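Quick notes on the structure that follows.
Since this is a predicted model, take the numbers as computed values, not measurements. Numbers here simply count residues along the sequence, with the first being 1.
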Amino acid sequence: MERLQKVIANSGYTSRRKAEELISKGLVKVNGVTVYELGVKVNTNDLIEVDGYIIKNENKVYYLLNKPRGIITSTSDDKGRKTVVDLINTNVRIYPVGRLDYDTTGAIILTNDGELANLIMHPKSKIDKVYIAKINGLIGKSQLQRLEKGVFIDGKKTSKSRARIKNYDKKTDTSIVELTIHEGRNHQVKKMFESLGYDVLKLKRERISFLDVNNLKSGEYRILNPKEVKKLYNETTK
């Protein structure tokens, strides 16, 4: 037997964290009975419904997308805007691992493997998430060191990171900075720079762990091969 939220995540319906939210809201039924407790265990014979949808086990699929600007990182949007899921040609129910802002571009994984999604998103896994940020002004060594040691955003200090300046354009007075973090807090990169007085003019996530989008045009995606999936699992559980 396995925990209910893990079974829901493994089915590809959503991530384990989101599954826990759905259970707490009373949107999950097991054999027709609404379940509110996160510790409930189920077996393969149990009928599980999530908001009226019957959970079924599906083959696991994994996609790496180079997200364009102006695309929502969600499975759907109440305003009718295009989402990252709309860009993937598949009949399998998938969802994005983590988030990228509406105006942020770059690497994002979409899958129906809730276990791997949970591992990638968890800060304890310390998965590298490499961002390239264009900011106003010239950022100095001392500011880069502050980013690396951690800054306070929303009342909480960020974990240690790596930061380096790649370029400074005197004509436009803008800097290109590479920032590597392991967390995934809301608007984290933008808020980290804002805490030091810099506005992020452009932002791209260039890499997740060893996966980059250098060979993918904006809006393009590819299927991860079994070796890459295995490596991701190894990276998140080492």
Side-chain angles (χ1 to χ4, degrees), residues 1-24 27-28 30 35 38-51 53-67 71-76 83-100 106-130 181-185 205 207-213 216 219-238:
M1 299 182 73
E2 290 187 304
R3 291 180 181 273
L4 178 57
Q5 58 265 40
K6 183 177 181 180
V7 173
I8 294 172
N10 287 344
S11 75
Y13 184 88
T14 189
S15 68
R16 190 187 299 189
R17 188 178 301 174
K18 184 65 178 179
E20 291 175 349
E21 293 179 11
L22 294 171
I23 293 169
S24 299
L27 295 175
V28 178
V30 177
V35 175
L38 299 181
V40 170
K41 291 188 176 182
V42 296
N43 59 46
T44 55
N45 296 321
D46 289 321
L47 176 64
I48 302 169
E49 297 177 70
V50 181
D51 201 17
Y53 177 86
I54 297 177
I55 293 298
K56 301 174 183 176
N57 288 319
E58 295 179 308
N59 292 328
K60 300 296 184 289
V61 294
Y62 310 84
Y63 299 94
L64 177 66
L65 169 71
N66 186 357
K67 176 190 172 298
I71 300 294
I72 303 296
T73 305
S74 179
T75 55
S76 61
T83 73
V84 288
V85 174
D86 294 328
L87 300 179
I88 309 295
N89 183 19
T90 179
N91 294 322
V92 178
R93 185 187 180 104
I94 58 173
Y95 51 88
V97 179
R99 298 185 64 84
L100 286 178
I108 188 163
I109 296 170
L110 294 98
T111 183
N112 60 347
D113 186 341
E115 185 67 21
L116 182 59
N118 189 61
L119 288 169
I120 292 173
M121 289 187 290
H122 204 293
K124 287 184 179 180
S125 297
K126 295 185 178 180
I127 291 294
D128 281 352
K129 295 158 188 170
V130 183
I181 63 174
H182 302 117
E183 301 170 290
R185 292 156 63 180
R205 182 156 68 188
R207 180 164 57 85
I208 302 171
S209 187
F210 59 90
L211 296 171
D212 63 54
V213 291
L216 293 174
E220 287 187 343
Y221 65 90
R222 68 176 180 85
I223 299 172
L224 300 186
N225 63 50
K227 287 185 178 180
E228 290 173 321
V229 174
K230 183 178 180 180
K231 189 174 181 180
L232 276 175
Y233 264 107
N234 290 337
E235 289 286 317
T236 56
T237 55
K238 64 183 179 181

Between Glu115 and Arg16, does any NZ, NE, NH1 or NH2 come within less than 4.0 Å of an OD or OE carboxylate oxygen? yes
Should Ile108 and Val97 be marked as a side chain to side chain contact (heavy atoms under 4.5 Å, CB included) after you check the CA-CA gap, both sets of side-chain angles, and the distance that decides it? CA-CA 7 Å; Ile108 188 163; Val97 179; 5.7 Å; no
Judged by atom type as modelled, is there a donor-acceptor pair below 3.5 Å linking the side chain of Asn118 to the main-chain atoms of Met121? no
Apply side chain to side chain contact (heavy atoms under 4.5 Å, CB included) to Ile48 and Ile54, showing your working. CA-CA 6 Å; Ile48 302 169; Ile54 297 177; over 6 Å; no
Atom CG of Asn59: over 12 foreign heavy atoms under 6.0 Å: no
Glu49 side chain vs Ile55 backbone, donor-acceptor pair below 3.5 Å: no
Any carboxylate oxygen within less than 4.0 angstrom of a Lys/Arg side-chain nitrogen, looking at Arg17 and Glu20? no
Could you grab the distance from atom CG of Leu110 to atom OH of Tyr221, nearest 0.5 Å is fine? 10.5 Å
All heavy atoms of Leu116 vs all of Tyr62, minimum pair found to be CD2-CE2, 3.7 Å
Of all the heavy-atom pairs spanning Ala107 and Leu100, show the shortest one and how long it is. O-CD1, 3.7 Å
Using only atom types and a distance under 3.5 Å, with no angle test, would you say the side chain of Thr83 pairs donor to acceptor with the backbone of Ile72? no
Contact summary for Leu64 and Ile109, nearest pair of heavy atoms: CD1-CG1, 4.2 Å
Thr111 side-chain N/O to Val61 backbone N/O, donor-acceptor pair under 3.5 Å: yes
State, to 0.1 Å, how close Leu65 and Gly219 come at their nearest heavy-atom pair, and which atoms those are. CD1-O, 3.7 Å
CD of Glu183 to NZ of Lys124: how many Å apart, nearest 0.5 Å? 13.0 Å
Would you say CD1 of Ile223 has more than 12 non-hydrogen atoms from neighbouring residues, nucleotides or ligands within 6.0 angstrom? no
Distance-only side-chain donor-acceptor flag, Tyr233 / Asp113, under 3.5 Å: yes
Keeping Lys231 on the side-chain end and Glu235 on the backbone end, is there a donor-acceptor pair under 3.5 Å? no
Would you compute the distance between atom OG of Ser125 and atom CG of Leu119 and round it to the nearest 0.5 angstrom? 5.0 Å
Give, for atom OH of Tyr63 and atom CG of Leu224, the distance between the pair rounded to the nearest 0.5 Å. 10.0 Å
For the pair Tyr53 and Tyr13, name the ring-plane relationship: parallel under 30°, tilted 30 to 60°, perpendicular over 60°. tilted
When you measure from the side chain of Asn43 to the backbone of Asn45, do you find a donor-acceptor pair of N or O atoms at a distance under 3.5 Å? yes
With a sphere of 6.0 Å drawn around CG of Asn225, does it hold more than 12 non-hydrogen atoms of other residues, nucleotides or ligands? yes
Should we say atom NZ of Lys60 is surrounded by more than 12 heavy atoms from elsewhere, each under 6.0 Å from it? yes
Under 3.5 Å, is there a donor-acceptor pair between the side chain of Arg205 and the main chain of Arg207? no
Hey, does the side chain of Asn66 reach the backbone of Glu220 with a donor-acceptor pair shorter than 3.5 angstrom? no
NZ-OG distance between Lys126 and Ser209, expressed to the nearest 0.5 angstrom: 14.5 Å
Please assess Leu38 against Arg3 for the test side chain to side chain contact (heavy atoms under 4.5 Å, CB included), listing each intermediate value before the final yes or no. CA-CA 8 Å; Leu38 299 181; Arg3 291 180 181 273; over 6 Å; no
Whether the side chain of Tyr95 engages the backbone of Thr14 through a donor-acceptor N/O pair (distance < 3.5 Å, no angle test) should be reported. yes
Looking only at heavy atoms, what is the nearest atom pair of Pro96 and Thr75, with distance? CD-CG2, 4.1 Å
Would you say His182 and Asp128 make side-chain contact, with heavy atoms under 4.5 Å? yes
Got a donor-acceptor contact below 3.5 angstrom from the Thr90 side chain to the Val92 backbone? yes
In sequence, state the C-alpha distance, the side-chain angles, and the governing distance for Ile8 and Val50, and then conclude on side chain to side chain contact (heavy atoms under 4.5 Å, CB included). CA-CA 8 Å; Ile8 294 172; Val50 181; 3.9 Å; yes
Does Asn91 CG have over 12 foreign heavy atoms under 6.0 Å away? no
Least distance between heavy atoms, Leu211 atom then Arg222 atom: CD2-NH2, 3.7 Å
